[in-house]
2 protein chains.
Amino acid sequence: MATEIPDIVIGRLPIYLRELRRLQAEHDKLTTSSHELGERLGISSAQIRKDLSHFGEFGKQGTGYHIGYLVDQLCQILHLDQVWPVVLVGAGSLGTALAYYDGFRPRGFEIRWIFDTDPSKIGHEINGMCIQAISELEETIARHKIAVAIIATPASAAQEVTDFLIESGIKAILSYAPLHLSAPAGVHISYSDPVTELQRMTYYLG
Amino acid sequence: MATEIPDIVIGRLPIYLRELRRLQAEHDKLTTSSHELGERLGISSAQIRKDLSHFGEFGKQGTGYHIGYLVDQLCQILHLDQVWPVVLVGAGSLGTALAYYDGFRPRGFEIRWIFDTDPSKIGHEINGMCIQAISELEETIARHKIAVAIIATPASAAQEVTDFLIESGIKAILSYAPLHLSAPAGVHISYSDPVTELQRMTYYLG
DNA sequence: TTAAAATTGTGAAAAGTTACACATACTCGA
DNA sequence: TCGAGTATGTGTAACTTTTCACAATTTTAA
Ligand SMILES: NC(=O)c1ccc[n+]([C@@H]2O[C@H](COP(=O)([O-])OP(=O)(O)OC[C@H]3O[C@@H](n4cnc5c(N)ncnc54)[C@H](O)[C@@H]3O)[C@@H](O)[C@H]2O)c1
Ligand SMILES: NC(=O)c1ccc[n+]([C@@H]2O[C@H](COP(=O)([O-])OP(=O)(O)OC[C@H]3O[C@@H](n4cnc5c(N)ncnc54)[C@H](O)[C@@H]3O)[C@@H](O)[C@H]2O)c1
């Protein structure tokens, strides 16, 4: 039980959490089962049970899982018992949508600072936040001990931005720029590229 | 060689293609090697060779891969020797950013129609496209034989929209709504949820 | 011409992941 | 209290994916 937990297991926990929250919002039922959860997510119940068993025994035979309790446990495991402050770099059309997005806060994240290099954007406000010059990035991250950043710059700037973020102390980056980023061990990077997702699907279309 | 190719292999091909295009744009070198490509992507060279070997022998011993030729082959495999017309559902802040995004076209996709249910949005233009009522969706998809759609509606509408898209003939959907969607076999669904990505990373942060 | 270097494609081994199936334990109603 | 039903947690088997390592081929340079 104390061995290294596979990344692939960690990756499913947020999905479970998301669906449990939906169950909480929909039903007034207090419990669910690995079978119900799996049914709703297209995942086998055995897999859900095995995944959760890496972290403890959260269920009860005959009954299933208490939804609220499991949500709490998953939040603890994923370190979501706090709101993570987030830095956004790139205040273009995507960055602006992200800055206005109200779906981060209730799930544990909040974009609090926005940076850009375009002098015509610096000083303008987006959703109550002032777009700041990149020159202020390092001190902001240090002062507020920020660990999480989102990159929404063009691909051409993304590696340079990444290097600077990491140098400044950022430990997790979600990048929307369509390229692989290099980072030292200990820094976590996720990607969101709609085109690779679409291309993956068109393989299967005649 | 003629057996079923694993999904996980298909999923890496767009990444290879993306990096090959970057190589094309950067260098004037005409060839690359599995080692160079792997180095740039953080993937082992053996994996790249094995992946490609599912589809044929594209390389040359001692030399590596001709970049242009490999790009062409990957485009053929992924059915990117055409531009796929795409329907966008949901003209909110994210949908608007997507509608303006100029990164789709050069990689094989083009958003051509935008649908929404909000009467105050219908009739307005985004990037030269008129926002249309959902009631026109079915006929548009049929008339233009559209196979690909992007969902950028709130989660609460997404399953209903999905059902309608599929009923109308859509075969591949990229959804930004933060929930699992049900679809019959033969319909492909991909997801983009920044929060699950961030949550996956915070697991590793103290 | 020859030897060293580079590089592929691939069979086989290793590692990782998922599915199976069942002992165990709780619930509910008679 | 009992028996039927439900559902967990898990050891093991089956399957999938990655890595290894090398024969074969081409390039390069002496
Ligand atoms: N627009 C979309 O819908 C969409 C969708 C998916 C992915 N993306 C990707 O997201 C990224 C942003 O897309 P966008 O459409 O918002 O682009 P955009 O051109 O509208 O905005 C990019 C912003 O980044 C800023 N920028 C450039 N260099 C910078 C630097 N070194 N430091 C800080 N800021 C810098 C620019 O000034 C600009 O404000 C791109 O990589 C794009 O490929 C966009
Ligand atoms: N804004 C972001 O940066 C962002 C980032 C990631 C994911 N998302 C997700 O993307 C989706 C859209 O986000 P948003 O911020 O653009 O929301 P939004 O509220 O700005 O826009 C949603 C749009 O969908 C339309 N809509 C509602 N029901 C519809 C229906 N049945 N058919 C067609 N259109 C319908 C609404 O009229 C509205 O125009 C949400 O699910 C959100 O969680 C948004």
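A, B, ... follow the sequence lines: proteins, then strands. Residue 1 opens every chain. On a predicted model such as this, the values are computed, not experimentally measured, just so you know.
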Rounded to whole Å, how long is the line connecting atom [atom1] of [X] with atom [atom2] of [N]?
X: Ile8(A); N: dT17(D); atom1: CD1; atom2: P; result: 9 Å
X: Leu37(A); N: dA7(D); atom1: CG; atom2: P; result: 13 Å
X: Lys60(B); N: dT25(D); atom1: NZ; atom2: C1'; result: 10 Å
X: Tyr65(B); N: dT26(D); atom1: OH; atom2: P; result: 15 Å
X: Gln47(A); N: dG9(D); atom1: CD; atom2: P; result: 15 Å
X: His54(B); N: dT16(D); atom1: NE2; atom2: C1'; result: 11 Å
X: Glu36(B); N: dA6(C); atom1: CD; atom2: P; result: 14 Å
X: Arg12(A); N: dG16(C); atom1: CZ; atom2: C1'; result: 12 Å

Have a look at Ile151(A) and tell me which of Leu165(A), Leu88(A), Leu174(A), Val87(A) forms a side chain to side chain contact (heavy atoms under 4.5 Å, CB included) with it. Leu165(A)
Under the 3.5 Å rule, do the base of dT24(C) and the side chain of Gln61(A) count as making a donor-acceptor pair? yes
Should the side chain of Lys50(A) and the base of dT12(D) be counted as holding a donor-acceptor pair, with the cut-off at 3.5 Å? yes
Heavy-atom nearest nucleotide on DNA chain C for Ala46(A) versus Asp7(A): which residue maps closer to 5'? Asp7(A)
Side chains of Thr31(A) and Thr63(A), donor plus acceptor under 3.5 Å: no
Closest-nucleotide 5' rank along DNA chain D - winner of Gly62(A) and Arg49(A): Gly62(A)
Once the angle between the rings of [X] and [Y] is folded into 0 to 90°, is it parallel (under 30°), tilted (30 to 60°) or perpendicular (over 60°)?
X: His144(B); Y: Trp113(B); result: tilted
X: Phe55(B); Y: Tyr203(A); result: perpendicular
X: His188(B); Y: Tyr204(A); result: parallel

When you check the phosphate oxygens OP1 and OP2 of dA19(C), does a side-chain N or O of Ser44(A) lie under 4.0 Å from one of them? yes
At under 4.0 Å, does any side-chain N or O of Thr63(B) touch on OP1 or OP2 of dT26(D)? no
So what does Ser34(B) hit on the nucleic acid, given a heavy-atom distance under 4.0 Å: a base, only sugar-phosphate, or nothing? sugar-phosphate
